[in-house]
*Asks:* 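To start, I am sharing the structure in question, which I have written as C-alpha cells.
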Amino acid sequence: MAGLVMHDFDEIGVPSGADTVWRQRSLEQWVLRAVDYQRDGLDMLLLGQSPLGEVLASPSAVELDGIAACVLDVGPDERWRRLEERDPGKWSDQAKRAFVEWARWHRGHAADPRHRPSVITDGAWAPMRWERWAEWSAGDRRWVVPVFDTTDVPVEQSAAALRAWVDDARGRRSALSLG
C-alpha cells in the first residue's frame, strides 16, 4: 500500500522479564517513529499488542494527526493450538492461559474503554496520560476498535479485511486525533 509503512511491535526485541513499563516505554518509541513517518508524509501500521488505551496515553500521541486501532483475533482454542504449533514445548500451560486471557481482555477493551483499565494502568510507566480517555465509555464515537475474528477465516480473506480497514481508516477525515 502506497505511503504506508508496517512494523511488528516485537521487531525491536523483547527482553526476558518484559513488563508493563517496558511495553509502554517501547510503545512511546513506536509513537515517536510514527511521528517521524508522519513528517515524511507516511502512515504507520503497528502490528502487535498495544491496546488503544495505551496508544492514546503515550506521551507523544498528541503529535499524531490521527490514530486508528483494530484487533485481529482468534478464538481461545485456536490461539492455544497456534502457540503450540508455532513453538512446540516453549510455552507452559500457565503462559498459554495468560495469552488467552490477554486476548480476552483486548476484546473487552476494544468494546469499552472502561473494561478493566487497571490491566494497563496498574504498575504503568509514569509519563502515560490516562486522563486523555479515562472518562470515555462504550459507544463513545472516539472509541472505535473493530475486532476481526480470524479463527476460521483464510489468511487471504483476513488480509483483505485488514487492507479494507486500513483504507477506510486512512480515508476517514474523522480519524481520532488528540492534538
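Only this structure's heavy atoms are used, side chains among them; waters, hydrogens and symmetry mates stay out. Given the structure is predicted, the values throughout are model-derived calculations rather than measurements.
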*Asks:* Can you find a heavy atom in the side chain of Gln24 that is under 4.5 Å from one in the side chain of Thr20?
*Replies:* yes
*Asks:* Membership question, hydrophobic clusters at under 4.5 Å side-chain separation (ILVMFWY): are Val147 and Val153 in the same one?
*Replies:* no
*Asks:* So do Cys70 and Val166 actually touch side chain to side chain, heavy atoms under 4.5 Å?
*Replies:* no
*Asks:* With rounding to the nearest 0.5 angstrom, report the CD to CD distance, Glu135 to Glu131.
*Replies:* 10.5 Å
*Asks:* Using every non-hydrogen atom in the two residues, find where Ser137 and Pro113 come nearest and quote the distance to one decimal.
*Replies:* C-CD, 3.7 Å
*Asks:* Strictly below 4.0 Å, N to O, side chains only: are Arg81 and Glu84 in salt-bridge contact?
*Replies:* no
*Asks:* Quick one: CZ on Arg129 to OG on Ser58, what's the gap to the nearest 0.5 Å?
*Replies:* 11.5 Å
*Asks:* Taking atom CG of Asp93 as the centre, does the number of heavy atoms from other residues, nucleotides or ligands within less than 6.0 Å exceed 12?
*Replies:* yes
*Asks:* Does any part of the side chain of Gln38, heavy atoms only, come nearer than 4.5 Å to the side chain of Leu64, both counted from C-beta?
*Replies:* yes
*Asks:* What distance do Arg23 atom CZ and Asp10 atom CG have between them, rounded to the nearest 0.5 Å?
*Replies:* 11.0 Å
*Asks:* Considering non-hydrogen atoms only, spot the tightest contact between Ile120 and Pro51 and give its length.
*Replies:* CG2-CG, 4.1 Å
*Asks:* Could you check whether any side-chain N or O of Arg79 sits under 3.5 Å from a backbone N or O of Val100, counting only pairs where one atom can act as donor and the other as acceptor?
*Replies:* no
*Asks:* Please report the interatomic distance CZ(Arg163) to CG(Leu45), rounded to the nearest 0.5 Å.
*Replies:* 12.0 Å
*Asks:* Using a 4.5 Å cut-off on heavy atoms from C-beta on, say whether the side chain of His109 contacts that of His106.
*Replies:* no
*Asks:* With a 4.5 Å cut-off on side-chain heavy-atom distances among I, L, V, M, F, W and Y, is there a chain of contacts connecting Leu32 to Met44?
*Replies:* no
*Asks:* Of all heavy-atom pairs between Arg114 and Ala134, which one has the smallest distance, and what is that distance?
*Replies:* NE-O, 4.0 Å
*Asks:* Can Val74 be reached from Leu72 by stepping across I, L, V, M, F, W or Y side chains whose heavy atoms are under 4.5 Å apart?
*Replies:* no
*Asks:* Is any side-chain heavy atom of Val71 less than 4.5 Å from a side-chain heavy atom of Phe148?
*Replies:* no
*Asks:* Check whether Glu11 reaches the backbone of Asp8 with its side chain - one donor and one acceptor, N or O, closer than 3.5 Å.
*Replies:* yes
*Asks:* Check the surroundings of atom CD in Gln94: do more than 12 heavy atoms from other residues, nucleotides or ligands lie under 6.0 Å from it?
*Replies:* no
*Asks:* For Gly53 and Trp130, which heavy atoms make the closest approach, and how far apart are they?
*Replies:* O-CZ3, 3.7 Å
*Asks:* Return the orientation label for the Trp91 and Phe99 ring planes: parallel under 30°, perpendicular over 60°, tilted otherwise.
*Replies:* perpendicular
*Asks:* Grouping I, L, V, M, F, W and Y whenever their side-chain heavy atoms are under 4.5 Å apart, do Trp165 and Val144 come out in a common cluster?
*Replies:* no
*Asks:* Assess the residue pair Trp102 and Trp105 against the criterion (ring-ring contact (aromatic ring centres under 6.0 Å, His included)); give the C-alpha distance rounded to whole Å, side-chain angles, the decisive distance to 0.1 Å, and a yes or no.
*Replies:* CA-CA 5 Å; Trp102 180 238; Trp105 178 83; 5.3 Å; yes
*Asks:* Answer yes or no: is there a side-chain heavy-atom contact under 4.5 Å between Arg170 and Leu4?
*Replies:* yes
*Asks:* Do you know the tightest heavy-atom contact between Val21 and Gly123?
*Replies:* CG2-O, 3.3 Å
*Asks:* Do Val14 and Leu83 belong to the same hydrophobic cluster, where Ile, Leu, Val, Met, Phe, Trp and Tyr are linked whenever their side-chain heavy atoms lie under 4.5 Å apart, directly or via other members?
*Replies:* no
*Asks:* Is it true that a side-chain atom of Thr150 and a backbone atom of Asp73 form a donor plus acceptor pair closer than 3.5 Å?
*Replies:* yes
*Asks:* Apply salt bridge (Lys or Arg N to Asp or Glu O under 4.0 Å) to residues Arg82 and Glu78 and explain how you reach the verdict.
*Replies:* CA-CA 6 Å; Arg82 289 182 187 184; Glu78 179 64 10; 2.8 Å; yes
*Asks:* Asp40 side chain to Leu42 main-chain N or O, any donor-acceptor pair under 3.5 Å?
*Replies:* no
*Asks:* Under 4.5 Å between any side-chain heavy atoms of Glu28 and Trp125, yes or no?
*Replies:* yes
*Asks:* State yes or no: are the ring centers of Trp143 and His115 separated by less than 6.0 Å?
*Replies:* no
*Asks:* Asp168: what forms a salt bridge (charged side-chain N to carboxylate O under 4.0 Å, His left out) with it, not counting sequence neighbours?
*Replies:* Arg172
*Asks:* Judged by atom type as modelled, is there a donor-acceptor pair below 3.5 Å linking the side chain of Thr151 to the main-chain atoms of Gly75?
*Replies:* yes
*Asks:* I need the Leu56 CG to Arg132 CZ distance, nearest 0.5 Å.
*Replies:* 8.0 Å
*Asks:* Got His7 and Leu47 here, is their nearest side-chain heavy-atom distance under 4.5 Å?
*Replies:* no
*Asks:* Could Arg39 and Asp36 be called an ion pair, given the rule that one side-chain N must be under 4.0 Å from one carboxylate O?
*Replies:* yes
*Asks:* Can you label the angle between the Trp30 ring and the Phe9 ring as parallel, tilted or perpendicular, going by 30° and 60°?
*Replies:* tilted
*Asks:* Where do Val31 and Ala61 come nearest, in terms of heavy atoms and distance?
*Replies:* CG1-N, 3.7 Å
*Asks:* Assess whether a salt bridge exists between Arg142 and Asp140, defined as any Lys/Arg side-chain N lying under 4.0 Å from an Asp/Glu carboxylate O.
*Replies:* yes
